[in-house]
Visitor: 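Right, I'll just put the structure down here and ask away after.
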Amino acid sequence: MRTAICSGSFDPITLGHLDVIRRAAGCFDQIRVCVSPNAEKKHQMFTPEQKLQMVRAAVQDLPNVEAELWSGLLADYARIHGACAIVRGVRSLTDFDIEYQMALINRGLCPGLETMLLPASAPYQHFSSSMAREMIRYGQPLERYLPAPVIPLVEELTEKEGGPHHGK
């Protein structure tokens with residue numbers, strides 16, 4: 001069985017993330033979505049458990065996709081699960097440069113682990129979790145940015161936290 005990893009902080013998962021996961025799911029027998037806390041990203045909107053809940057809701061219709069939390073090195077996660085590849089989406093040359101460096105590091109940690117970079121599909125080239133968080137904060141419609149099963153979860157979670165700011 002050929003297993004690949006799609007990883008990210010998914011704060012929150014966007015239609016762009018889901019597009020990459022779906023495309024990867026068509027190329028591999030199994031996709032493991034690794035929801036990782038990112039120490040570099042200081043302003044997280046959702047807890048790791050909330051992010052995992054959203055990812056699981058977004059991929060529920062993909063039978064060969066599973067999601068779980070992981071706080072260690074991605075190369076270790078890949079080794080534990082017998083993955084042959086990491087699949088990452090790239091939107092720009094900046095993304096490519098960052099992902100290229102990470103691919104070299106991961107291959108150094110886990111020889112034989114390949115990284116496949118999928119260019120963002122045209123409708124999602126400008127999507128980012130940062131942009132989605134801004135739409136959430138200011139109470140904008142989320143259908144154009146987030147997978148449909150995730151929207152009620154986001155609305156419920158943000159209502160518990162006092163709701164979107166609506167420009168305040």
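Please read these numbers as outputs of a predicted model, since none were measured by experiment.
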Visitor: Please write out which residues are connected to L93 in a hydrophobic cluster, directly or through intermediates, given that two of Ile, Leu, Val, Met, Phe, Trp, Tyr count as joined at side-chain heavy-atom separations below 4.5 angstrom.
Guide: none
Visitor: Could you tell me which residues satisfy side chain to side chain donor-acceptor pair (under 3.5 Å) with R2, sequence neighbours excluded, listed by chain and number?
Guide: none
Visitor: In terms of hydrophobic clustering (I, L, V, M, F, W, Y; side-chain heavy atoms under 4.5 Å; direct or indirect links), are F96 and M116 co-clustered?
Guide: no
Visitor: Testing R56, K51, E49 for side-chain contact (heavy atoms from CB on, under 4.5 Å) with V35, which one passes?
Guide: K51
Visitor: Strictly distance-based, threshold 3.5 Å: is any side-chain N or O of S129 a donor or acceptor partner for the main-chain N or O of P12?
Guide: yes
Visitor: Apply side chain to side chain contact (heavy atoms under 4.5 Å, CB included) to C27 and list each qualifying residue two or more places apart in sequence or on a separate chain.
Guide: none
Visitor: Who pairs with R88 by side chain to side chain donor-acceptor pair (under 3.5 Å), at least two apart in sequence or on another chain?
Guide: S7, E99
Visitor: Test of understanding: with side chain to side chain donor-acceptor pair (under 3.5 Å), list the residues that count as partners of D97, not counting sequence neighbours.
Guide: none
Visitor: Identify, with sequence neighbours excluded, every residue that meets side chain to side chain donor-acceptor pair (under 3.5 Å) alongside T3.
Guide: Q30
Visitor: Do M135 and F46 land in one hydrophobic cluster if side-chain heavy atoms of ILVMFWY residues count as linked below 4.5 Å?
Guide: yes
Visitor: Using every non-hydrogen atom in the two residues, find where A85 and L113 come nearest and quote the distance to one decimal.
Guide: N-CD1, 3.7 Å
Visitor: Strictly by side chain to side chain donor-acceptor pair (under 3.5 Å), give each pair with a member in residues 19-28 just once, sequence neighbours left out.
Guide: D19-R23, D19-S121, R22-D61, R23-S121
Visitor: Of all residues at least two apart in sequence or in a different chain, which pass the side chain to side chain contact (heavy atoms under 4.5 Å, CB included) check with L73?
Guide: D76, L109
Visitor: Is any side-chain heavy atom of W70 closer than 4.5 Å to a side-chain heavy atom of I5?
Guide: no
Visitor: I need the M54 CE to L146 CG distance, nearest 0.5 Å.
Guide: 8.5 Å
Visitor: If you look at every heavy atom in T47 and Q50, which pair is closest and at what distance?
Guide: N-OE1, 2.9 Å
Visitor: Are V150 and F10 side-chain neighbours, meaning at least one heavy-atom pair lies under 4.5 Å?
Guide: no
Visitor: Which heavy atom of I13 sits nearest a heavy atom of A58, and at what distance?
Guide: CD1-CB, 3.9 Å
Visitor: Between atom CG of L142 and atom CG of L15, what is the distance when rounded to the nearest 0.5 Å?
Guide: 10.0 Å
Visitor: Which pair of heavy atoms, one from A24 and one from C6, lies closest together, and at what distance?
Guide: CB-SG, 4.0 Å
Visitor: Which heavy-atom pair separates A75 from C110 by the least distance, and what is that distance?
Guide: CB-CB, 4.0 Å
Visitor: Locate the shortest heavy-atom distance separating H126 from P123; write the atom from each residue and the value.
Guide: CE1-O, 3.5 Å
Visitor: Between CE of M1 and SG of C84, what distance do you get to the nearest 0.5 Å?
Guide: 11.5 Å
Visitor: Can you list the residues that meet the side chain to side chain contact (heavy atoms under 4.5 Å, CB included) rule with V20, with sequence neighbours excluded?
Guide: V87, L118
Visitor: With sequence neighbours excluded, tell me which residues meet ring pair (Phe, Tyr, Trp, His ring centres under 6.0 Å) with Y145.
Guide: F127
Visitor: Check the hydrophobic clustering (I, L, V, M, F, W, Y; side-chain heavy atoms under 4.5 Å; chains of links allowed) and say if V33 and L52 are grouped together.
Guide: yes
Visitor: Please answer: with hydrophobic residues joined when any side-chain heavy atoms are less than 4.5 Å apart, are V55 and L69 in the same cluster?
Guide: yes
Visitor: For residues I151 and L157: do they belong to one hydrophobic cluster (side chain heavy atoms under 4.5 Å, members Ile, Leu, Val, Met, Phe, Trp, Tyr)?
Guide: yes
Visitor: Please check this pair: side chain of N106 against backbone of L74, looking for a donor-acceptor N/O pair closer than 3.5 Å.
Guide: no
Visitor: Measuring from atom CZ of R107 to atom CD of E114, what distance do you get when rounded to the nearest 0.5 angstrom?
Guide: 4.5 Å
Visitor: Once rounded to the nearest 0.5 Å, what's the spacing between atom CZ of R32 and atom CG of N64?
Guide: 11.5 Å
Visitor: Kindly indicate, with the supporting measurements, whether the criterion side chain to side chain contact (heavy atoms under 4.5 Å, CB included) is fulfilled by I31 and L62.
Guide: CA-CA 9 Å; I31 298 295; L62 300 172; over 6 Å; no
Visitor: Please name all residues satisfying side chain to side chain contact (heavy atoms under 4.5 Å, CB included) with Q53, sequence neighbours left out, ordered by chain then number.
Guide: L153
Visitor: Test of understanding: with ring pair (Phe, Tyr, Trp, His ring centres under 6.0 Å), list the residues that count as partners of H81, not counting sequence neighbours.
Guide: Y77
Visitor: Which value, rounded to the nearest 0.5 Å, describes the distance between Y124 atom OH and R144 atom CZ?
Guide: 11.5 Å
